[in-house]
Amino acid sequence: MSDTDIVDQFLEMLAAERGRAVNSVAAYRRDLDHFRSGIDLPLVEATSETIRAYLAYLHAEGLKSSTVARRLSAIRQLYLFLYREGLRKDNPAKNIESPKQPTKLPKTLSDKQVERLLDTAEAKTRRGKLKALRAHALLETLYATGLRISELVSLPRRAIGPDTTMILVRGKGGRERMVPLGDKARKALSLYLLTLRAKESAKGVKNPDSAHFLFPSSGAKGHLTRRRAGQLIKKLAIEAGLDPKIVSPHKLRHAFATHLLTNGADLRAVQQMLGHADISTTQIYTHVIEERLKSLVLTKHPLADD
């Protein structure tokens, strides 16, 4: 079996059995193609030393430890697949350690910055324009739920009703979770949907809620794209007098988690709402809070300068 066939079978397994997204599978392919081009042996003949030599080459090239770790992860999973399929009698990547990575704390927005962003979005809705109502609903829902932007823009319209207090979300790997929806977000969505349905009715669209997305678009996907959503939020940031570089859908997700924990929310509850498979991923936000407290003491305590 050729290396190409091996990689193709492995990627098919990732997509079919583990539900990996198209972008994720494409990233695995790029990493494995780079590994194949960096060794002089067929994949089934590579040894632990082959893999270590490849990793040493990556380090010598000055690649970030996060990139090296990602490529090693792809290699590990490939050889675990070959071992389980009986194409190898051992797993040469089993005992190879990932490079240590510096802990990166997620950058987030302060309460006041989020408030300015939301107030700006709400102020623009006073004229009743659909685009302004959509942007406000999008922003309120992002901050109220902590959804990934891809999860939000792909929500079906039937997910939101007049009395909806919980949203059923399908996240990474097809995992489903329930996320609470606050009053402000529900009101913003209701007003937006009321205007959207009136516009669709005027165009002669029949029973749109049964097939349409919450944030429909005329594009190929049928819904607002992640990129367009990000552009709308950055535009609002500029209008709110904020640096657009520090505002994004993902930063609002960080803000959602950080602000909940700051106000005493349970870590596991936040993990559930964010859709993290491992609580260690959620724990990073506790470090953000610790850094904030340290900064507060150093800058606000009366004896800080002593």
Side-chain angles (χ1 to χ4, degrees), residues 106-167 169 179-202 208-209 212-217 223-263 265 270 273-274:
K107 294 180 180 179
T108 187
L109 298 166
S110 69
D111 302 47
K112 288 184 178 179
Q113 287 173 323
V114 173
E115 188 176 344
R116 282 172 63 183
L117 200 57
L118 294 172
D119 286 347
T120 300
E122 186 175 10
K124 290 175 66 68
T125 65
R126 289 169 187 162
R127 294 183 180 179
K129 296 289 183 68
L130 180 60
K131 287 185 178 180
L133 292 166
R134 179 183 65 175
H136 183 224
L138 183 78
L139 196 62
E140 287 282 3
T141 309
L142 270 178
Y143 182 59
T145 62
L147 295 183
R148 300 177 181 92
I149 188 61
S150 57
E151 295 170 342
L152 179 56
V153 296
S154 61
L155 274 180
R157 200 178 304 180
R158 63 178 178 274
I160 304 295
D163 301 316
T164 299
T165 56
M166 300 288 286
I167 306 175
V169 182
V179 180
L181 183 68
D183 288 341
K184 285 195 72 177
R186 186 163 57 250
K187 288 176 182 176
L189 283 166
S190 296
L191 188 55
Y192 156 67
L193 287 172
L194 184 67
T195 307
L196 176 62
R197 288 171 181 136
K199 186 174 181 180
E200 288 174 335
S201 178
D209 290 2
H212 285 54
F213 291 102
L214 180 60
F215 296 101
S217 168
H223 60 70
L224 198 67
T225 64
R226 292 181 299 171
R227 182 179 179 183
R228 182 57 182 151
Q231 290 172 342
L232 293 173
I233 289 171
K234 286 188 180 295
K235 183 181 178 183
L236 284 169
I238 294 171
E239 294 174 0
L242 300 173
D243 182 353
K245 291 180 181 177
I246 67 169
V247 181
S248 70
H250 206 60
K251 294 283 182 17
L252 283 164
R253 179 170 160 86
H254 289 326
F256 163 82
T258 306
H259 298 171
L260 275 178
L261 290 170
T262 302
N263 286 286
V270 176
M273 287 186 281
L274 290 174

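- Looking only at distances, a side-chain donor or acceptor of T120 sits under 3.5 Å from a matching main-chain atom of R116.
- Here the straight-line distance linking atom CG of L117 with atom CG of L139 works out to 4.5 Å at 0.5 Å rounding.
- Rounded to the nearest 0.5 Å, atoms CG (L138) and CG (L189) are 9.0 Å apart.
- Taken to the nearest 0.5 Å, the OG1 atom of T195 stands 5.0 Å off from the CG atom of L191.
- Here the straight-line distance linking atom OG of S110 with atom CD1 of I246 works out to 7.5 Å at 0.5 Å rounding.
- Formation of a donor-acceptor pair under 3.5 Å by the T164 side chain with backbone atoms of G161 is found in this model.
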Audit row: R134, L232, side chain to side chain contact (heavy atoms under 4.5 Å, CB included) steps and yes/no: CA-CA 10 Å; R134 179 183 65 175; L232 293 173; 3.8 Å; yes

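- Taking the six-membered ring for Trp and thresholds of 30 and 60 degrees, Y192 and F215 have nearly parallel ring planes, at less than 30 degrees apart.
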Could you walk me through whether M273 and F256 pass the side chain to side chain contact (heavy atoms under 4.5 Å, CB included) test, one step at a time? CA-CA 10 Å; M273 287 186 281; F256 163 82; 4.0 Å; yes

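- Atom OG of S190 is separated from atom CG of D163 by 9.0 Å, given to the nearest 0.5 angstrom.
- Among residues two or more places apart in sequence or in another chain, the side chain to side chain donor-acceptor pair (under 3.5 Å) test is passed with E151 by R148, R177.
- In this structure, OG1 in T141 is found 9.0 Å from NE2 in H136, a value given to the nearest 0.5 Å.
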Show your reasoning for whether side chain to side chain contact (heavy atoms under 4.5 Å, CB included) applies to I149 and H250. CA-CA 7 Å; I149 188 61; H250 206 60; over 6 Å; no

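- No side-chain donor-acceptor contact under 3.5 Å links H223 to the backbone of L152.
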Checking R186 against D183 for the salt bridge (Lys or Arg N to Asp or Glu O under 4.0 Å) test, could you report, in this order, the C-alpha distance in whole Å, the side-chain angles of both residues, the deciding distance, and whether it holds? CA-CA 5 Å; R186 186 163 57 250; D183 288 341; 2.2 Å; yes

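- For the pairing with V153, the side chain to side chain contact (heavy atoms under 4.5 Å, CB included) check across L224, L214, L147 returns one residue only, L224.
- In this structure, the side chain of K234 does not engage the main chain of S248 through any donor-acceptor pair within 3.5 Å.
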One pair to check against side chain to side chain contact (heavy atoms under 4.5 Å, CB included): R197 and R157. What are the steps and the verdict? CA-CA 11 Å; R197 288 171 181 136; R157 200 178 304 180; 4.1 Å; yes

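- The main-chain N or O of A255 is never found under 3.5 Å from a side-chain atom of T258 such that the two would form a donor-acceptor pair.
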